[in-house]
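Only one structure is covered here, and it is reproduced in the block below.
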Amino acid sequence: MATELRRLRNHIGGEYRDAADGRTTEVVNPATGEAYATAPLSAAADVDAAMAAAESAFPVWRDATPGTRQTLLLKVADAMERRGGELLAAECENTGKPLELTRQEELPVMIDQVRFFAGAARLLEGRSAGEYMAGMTSFVRREPVGVCAQVTPWNYPMMMAVWKFAPALAAGNTVVLKPSDTTPASTVLLAEIIGGVLAEMDLPAGIFNVVCGDRDTGRLLVEHPVPAMASITGSVRAGTEVAGSAARDVKRVHLELGGKAPCVVFEDADIAAAVEGIRDGGFFNAGQDCTAATRVLVHESVHDEFVAALTKAAAEVRTGDLGDEDCFYGPLNSAAHLAKVTGFIERLPGHARVETGGHRVGERGWFFAPTVVSGLRQDDEIVQEEVFGPVITVQRFTGEEQALAWANGVEYGLASSVWTKDHARAMRASRALDFGCVWINTHIPLVAEMPHGGFKKSGYGKDLSAYGMEDYTRVKHVMTAL
């Protein structure tokens with residue numbers, strides 16, 4: 001007998017709703033390849049309803065004091081902590097991620113980020129008043145932009161929802177958020193949690209809304225006339241479509257797109273530390289991370305030693321499903337994504353060498369072995385294009401100038417790392433690398449207080465930090481005659 005699928009619903013104006021036309025999509029657990037829920041396939045009527053709710057709630061939330069905004073977010077963080085078990089279950093079923101790893105590495109970080117923006121809500125301000133013209137005093141107001149249309153990806157569905165709603169709400173905006181069609185479960189649960197806090201504080205339910213759906217639903221959000229801002233984390237293709245669409249009615253746009261992070265390992269680096277850091281940074285979350293340590297450039301004098309050590313370390317990494325406490329990462333997101341990652345390996349040029357991995361693991365779910373590929377050249381497809389899987393490539397360089405040129409020689413500019421004991425070299429490299437983040441002798445740690453965002457085709461705008469919150473505000477000059 002077939003198992004009845006769980007029914008996920010939109011959360012609009014504090015109410016659970018199906019799609020107006022009744023359409024749904026199946027939601028599949030990537031660790032099993034089996035459907036476990038249905039979610040609304042929302043269309044124009046659903047987006048209209050969510051935008052109307054957010055627009056109606058905006059004047060109240062805009063005029064709320066910073067203290068009220070802080071209280072809301074602190075209560076949301078407390079509720080997330082209390083219901084952490086439910087959130088973990090939803091997220092791991094969403095993504096197939098190992099339960100214990102997600103419990104340790106993701107849930108506490110998300111809750112901390114909400115609390116950071118709760119504090120930041122009370123620090124946002126314009127410049128102090130001053131007289132810049134005789135007989136006139138000027139000051140700057142920093143105000144919320146309005147309704148924000150937000151679209152989140154499938155690789156970190158719950159954390160990316162936090163990165164979107166927390167700064168937006170802290171700044172006084174209202175939100176309509178669409179999760180990925182493959183991973184909506186944890187976001188729908190977040191909507192229930194936030195909705196409960198809004199009701200407890202007697203605030204309009206339309207301050208936060210979730211609409212499920214596919215790419216077309218996301219397009220409807222961005223093209224809708226109500227939002228003043230569109231924010232998306234996703235692929236470069238999706239980002240360019242959003243930017244083009246938003247340009248038609250001059251919406252603000254916040255884009256966090258793909259990455260192809262270089263890890264430059266110089267001859268004086270601590271090789272053991274570099275191997276460990278790059279292995280962890282490359283394979284965490286199955287490499288499904290825009291900042292993943294996917295592209296290693298190693299000085300020729302230590303290249304062979306490094307490749308041998310990384311190959312051995314990679315071969316010891318385990319992938320497995322959510323109940324396996326000893327595995328380091330879970331499955332890829334979907335059958336289509338498994339085919340995409342596999343395709344990169346199948347199309348490798350003859351000069352490339354697969355040192356370990358390069359294949360699917362098991363028959364059930366979409367698991368891929370930790371993979372190291374060496375012998376690559378700068379113009380190879382796998383060096384230039386984002387694989388978004390547990391695949392680390394290695395190139396050999398001869399000198400600092402060549403290393404930095406190759407590191408910058410891709411269309412992306414999100415994150416990078418430098419591995420050296422030479423402080424001056426690290427400083428030169430951090431200046432030269434054309435990436436929004438440069439780590440030195442580490443790779444992938446993030447903190448709420450520091451900005452995350454890229455250059456070039458990795459997009460623009462910042463997540464996290466006070467810079468991220470400023471992106472959700474507008475600046476107004478007020479001048480008064482004395």
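Only heavy atoms go into these numbers, but all of them, side chains included; no hydrogens, no water, no symmetry mates.
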Hey, does the side chain of [X] reach the backbone of [Y] with a donor-acceptor pair shorter than 3.5 angstrom?
X: E91; Y: M158; value: yes
X: S245; Y: V242; value: no
X: D214; Y: D181; value: no
X: S42; Y: C212; value: yes
X: D46; Y: A19; value: no
X: E256; Y: D463; value: no
X: R360; Y: G365; value: yes
X: D434; Y: N408; value: no
X: Q150; Y: K164; value: yes
X: D268; Y: D422; value: yes

Drop me the distance from [X]'s [atom1] to [Y]'s [atom2], to the nearest 0.5 angstrom.
X: E81; Y: I111; atom1: CD; atom2: CD1; result: 5.0 Å
X: L107; Y: L101; atom1: CG; atom2: CG; result: 12.5 Å
X: L177; Y: H11; atom1: CG; atom2: NE2; result: 13.0 Å
X: K456; Y: K260; atom1: NZ; atom2: NZ; result: 13.5 Å
X: L332; Y: F367; atom1: CG; atom2: CZ; result: 9.0 Å
X: I440; Y: H443; atom1: CD1; atom2: NE2; result: 13.0 Å

Count the heavy atoms belonging to other residues, nucleotides or ligands that lie under 6.0 Å from [atom1] of [X], then report whether that count exceeds 12.
X: R431; atom1: CZ; answer: no
X: K251; atom1: NZ; answer: yes
X: H351; atom1: NE2; answer: yes

Pairs of donor and acceptor atoms involving the side chains of residues 270-281, under 3.5 Å and at least two apart or interchain, shall be tabulated with distances.
from: D270; atom 1: OD1; to: A272; atom 2: N; distance (Å): 3.3
from: D270; atom 1: OD1; to: A273; atom 2: N; distance (Å): 3.1

Item to check | Residues E385, V410; criterion side chain to side chain contact (heavy atoms under 4.5 Å, CB included); working and verdict | outcome: CA-CA 8 Å; E385 300 296 328; V410 293; over 6 Å; no
According to side-chain contact (heavy atoms from CB on, under 4.5 Å), who are the partners of [X], at least two apart in sequence or on a separate chain?
X: Y36; result: R6, V27, N29, E93, N94, A185
X: M450; result: V447
X: K312; result: E316
X: D48; result: H224

For residues [X] and [Y], report the shortest heavy-atom separation together with the two atoms involved.
X: V372; Y: A314; value: CG2-CB, 3.7 Å
X: A243; Y: L255; value: CB-CD1, 4.2 Å
X: W419; Y: A269; value: O-CB, 3.3 Å
X: P179; Y: V210; value: CD-CG1, 3.9 Å
X: A407; Y: L433; value: CB-CD2, 3.6 Å

Looking at residues at least two apart in the chain, or sitting in another chain, which of them share a side-chain hydrogen bond (donor to acceptor under 3.5 Å, both in side chains) with [X]?
X: Q384; value: none
X: E381; value: R347
X: Y467; value: none

Is [X] salt-bridged to [Y], going by a charged N under 4.0 Å from an acidic O?
X: K97; Y: E106; result: yes
X: K462; Y: E470; result: no
X: R396; Y: D304; result: yes
X: D380; Y: R377; result: no

Taking the side chain as every heavy atom from C-beta outward, state whether [X] and [Y] have any pair of such atoms under 4.5 Å apart.
X: V418; Y: S430; value: no
X: V383; Y: Q378; value: yes
X: D18; Y: R7; value: yes
X: W163; Y: T233; value: no
X: C290; Y: E386; value: yes
X: T393; Y: V387; value: no
X: T95; Y: Q288; value: no
X: C327; Y: T319; value: no

Next on the checklist: According to side-chain hydrogen bond (donor to acceptor under 3.5 Å, both in side chains), does anything in residues 365-374 pair up with another residue at least two apart or in another chain? List the pairs.
Outcome noted: E355-S374
Next on the checklist: Strictly by side-chain hydrogen bond (donor to acceptor under 3.5 Å, both in side chains), give each pair with a member in residues 326-342 just once, sequence neighbours left out.
Outcome noted: T182-N333
Next on the checklist: According to ring-ring contact (aromatic ring centres under 6.0 Å, His included), does anything in residues 227-255 pair up with another residue at least two apart or in another chain? List the pairs.
Outcome noted: H254-Y472
Checklist outcome for this item: In short, ring-ring contact (aromatic ring centres under 6.0 Å, His included) pairs touching residues 278-314 with sequence neighbours left out are H299-F397
Checklist entry - In this structure, which one of V264, V307, V265 forms a side chain to side chain contact (heavy atoms under 4.5 Å, CB included) with V298? => result V265
Checklist entry - Can you check side chain to side chain contact (heavy atoms under 4.5 Å, CB included) on F117 and V76, steps first, answer last? => result CA-CA 11 Å; F117 282 111; V76 167; over 6 Å; no
Next on the checklist: Let's go through V211 and L220 carefully: what are the C-alpha distance in whole Å and the side-chain angles of both, what is the deciding distance for side chain to side chain contact (heavy atoms under 4.5 Å, CB included) to 0.1 Å, and is it a yes or a no?
Outcome noted: CA-CA 11 Å; V211 175; L220 288 169; over 6 Å; no
Item to check | Worked check of side chain to side chain contact (heavy atoms under 4.5 Å, CB included) between V162 and V109 | outcome: CA-CA 10 Å; V162 166; V109 173; over 6 Å; no
